[in-house]
J.: 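Before anything else, here's the structure in question.
Quick note: residue numbers are just sequence positions, from 1.
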Amino acid sequence: MTIKEFQELQALPYPQKLIHARSRAEQFYLKCHALGYNVHVSVGGLDSITLLVFLRSIGIDVPAISVSILEDKGNQEVHKQLGVQSIAPYMSKTQVLQELGFPVVSKAKANKISYLLQPNADKQTFIHAIMTGDMGAQGGYKHSDRIKLQDKWIKLFGGNYADMRPDLDIRPAPSFKVSSRCCYYMKEEAM
């Protein structure tokens, strides 16, 4: 889909969006069944709950599954009311924190921080981009504030690569781990 086509769909009146969404959901459901695939909804928060309720409202009654124990109490109650089947996480929160590290800030930031906490990591070009925003040859020597980590996080976690940013007062790297892989091991792998 082109950007223009996407913008045209965004501009549709709400009733037409519902017709389009229903058509796409039915096409997907029928295609999966034609290929012999099972269909389910992996439920967590508001977006996936909304999808489940919408599918059921148009007659597509698919099973819903969730690693509900990881959700807050309010979501767990909604999951019960909707008949969501709860499955166990692949790894417990304790295992994830001990073996992989803490999921700080967001997945994207935690991923970048995890690289900074590895002394002499393999991806030095990526680390340089995280620290400075400068992309190097692979990025056409451009600057990217999207890849660069904010200075406040570099000050806290960039100790292994402080020489790349002599303009900042960077603390020594902390001894604890940071990981963006918590959802993968607790939710996605379980699903």
J.: More than 12 heavy atoms of other residues, nucleotides or ligands under 6.0 Å from CG of Leu35: is that the case?
T.: yes

J.: Answer yes or no: are there more than 12 heavy-atom neighbours, outside Asp169 itself, under 6.0 Å from its atom CG?
T.: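 It does not: Asp169 CG has 12 such atoms or fewer within range.
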
J.: Once rounded to the nearest 0.5 Å, what's the spacing between atom OG1 of Thr125 and atom CG of Asp134?
T.: 12.0 Å

J.: Can you list the residues that meet the side-chain hydrogen bond (donor to acceptor under 3.5 Å, both in side chains) rule with Asp151, with sequence neighbours excluded?
T.: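 Once residues adjacent in sequence are excluded, the partners of Asp151 under the side-chain hydrogen bond (donor to acceptor under 3.5 Å, both in side chains) criterion are Lys148, Arg165.
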
J.: To the nearest 0.5 Å, how far apart are NZ in Lys93 and CD in Gln98?
T.: 14.0 Å

J.: Is the shortest heavy-atom distance from the side chain of Pro89 to the side chain of Ile69 under 4.5 Å?
T.: yes

J.: Where is the tightest heavy-atom contact between Leu156 and Arg171, given as atom of each residue plus distance?
T.: CD2-NH1, 3.2 Å

J.: Are Tyr37 and Phe28 linked, directly or through intermediate hydrophobic residues, by side-chain heavy-atom contacts shorter than 4.5 Å (ILVMFWY only)?
T.: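 Phe28 and Tyr37: separate clusters.
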
J.: For Thr2, is there any backbone N or O sitting under 3.5 Å from a side-chain donor or acceptor partner on Glu5?
T.: yes

J.: Given Leu55, which of Val39, Asp61, Ile60 fulfils the side-chain contact (heavy atoms from CB on, under 4.5 Å) condition?
T.: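 Of all the options given, the one that passes is Ile60.
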
J.: Tell me whether Leu46 shares a hydrophobic cluster with Val53, the cluster being built from Ile, Leu, Val, Met, Phe, Trp, Tyr side chains joined at under 4.5 Å.
T.: no

J.: Please tell me if the side chains of Ile154 and Leu168 come closer than 4.5 Å, counting only heavy atoms from C-beta onward.
T.: yes

J.: Roughly how far apart are Arg181 CZ and Met91 CE, rounded to 0.5 Å?
T.: 11.0 Å

J.: Which atoms form the tightest heavy-atom contact between Pro103 and Leu97, and what is the distance?
T.: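 That would be CD-CD2, 3.8 Å.
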
J.: Determine which pairs satisfy ring pair (Phe, Tyr, Trp, His ring centres under 6.0 Å) with at least one residue from residues 118-163, sequence neighbours left out, and list them in order.
T.: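 Found Tyr115-Phe126.
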
J.: List the steps and the verdict of side-chain contact (heavy atoms from CB on, under 4.5 Å) for Leu9 and Met1.
T.: CA-CA 10 Å; Leu9 288 174; Met1 176 181 305; 3.6 Å; yes

J.: Has Ser66 got a side-chain atom pairing as donor or acceptor with Val43's backbone, closer than 3.5 angstrom?
T.: yes

J.: Are Met164 and Leu116 linked, directly or through other ILVMFWY residues, by side chains that come within less than 4.5 angstrom of each other?
T.: yes

J.: When clusters are formed by joining ILVMFWY residues with side-chain heavy atoms under 4.5 Å apart, either directly or through shared neighbours, do Val62 and Ile87 land in the same one?
T.: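 No, it is not one cluster - the side chains of Val62 and Ile87 are not joined through contacts under 4.5 Å.
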
J.: Is it the case that more than 12 heavy atoms not belonging to Lys17 sit under 6.0 Å from its NZ atom?
T.: yes

J.: Could you check whether any side-chain heavy atom of Pro174 comes within less than 4.5 Å of a side-chain heavy atom of Leu117, counting everything from C-beta outward?
T.: yes

J.: Taking C-beta and beyond as the side chain, do Met131 and Asp163 meet within less than 4.5 Å on heavy atoms?
T.: no

J.: Between Ser48 (side chain only) and Gly44 (backbone N and O only), is there a donor and an acceptor less than 3.5 Å apart?
T.: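 Answer holds: yes.
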
J.: Do Glu8 and Leu12 have side chains that approach each other closer than 4.5 Å (heavy atoms only, starting at C-beta)?
T.: no

J.: Please give me the minimum heavy-atom distance between Arg56 and Ala64, naming the atom from each residue.
T.: NH2-CB, 4.3 Å

J.: Rounded to the nearest 0.5 Å, what's the gap from OG on Ser179 to CD1 on Ile113? Could you check?
T.: 11.0 Å

J.: Flag yes if Tyr14 and Phe54 sit in one hydrophobic cluster, no otherwise; membership is Ile, Leu, Val, Met, Phe, Trp, Tyr, and two members link when side-chain heavy atoms are under 4.5 Å apart.
T.: yes

J.: Main chain of Ser114, side chain of Gln118: is a donor-acceptor contact present, judged purely on distance under 3.5 Å?
T.: yes

J.: Quick check: does any side chain N or O of Lys177 sit under 3.5 Å from a backbone N or O of Glu99, one acting as donor and the other as acceptor?
T.: yes

J.: Run the side-chain contact (heavy atoms from CB on, under 4.5 Å) test on Ile127 and Lys112 for me, step by step, so that the C-alpha distance in whole Å, both residues' side-chain angles and the decisive distance to 0.1 Å come before the verdict.
T.: CA-CA 8 Å; Ile127 290 170; Lys112 292 174 185 179; over 6 Å; no

J.: Keeping the roles fixed (side chain from Lys109, backbone from Leu149), state whether a donor-acceptor pair exists under 3.5 Å.
T.: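 Judged by distance alone, no pair lies under 3.5 Å.
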
J.: Mind checking side-chain hydrogen bond (donor to acceptor under 3.5 Å, both in side chains) for His20 and listing every partner two or more places apart, or none if nothing turns up?
T.: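 If we apply the side-chain hydrogen bond (donor to acceptor under 3.5 Å, both in side chains) test to His20, skipping adjacent residues, there are no hits.
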
J.: Can you tell me how far apart CD (Gln27) and CZ (Arg22) are? Round to the nearest 0.5 Å.
T.: 12.5 Å

J.: Run through Leu52, Val41, Val78, Ile49 and flag the one making a side-chain contact (heavy atoms from CB on, under 4.5 Å) with Val84.
T.: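 Single side-chain contact (heavy atoms from CB on, under 4.5 Å) partner of Val84 among Leu52, Val41, Val78, Ile49: Leu52.
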
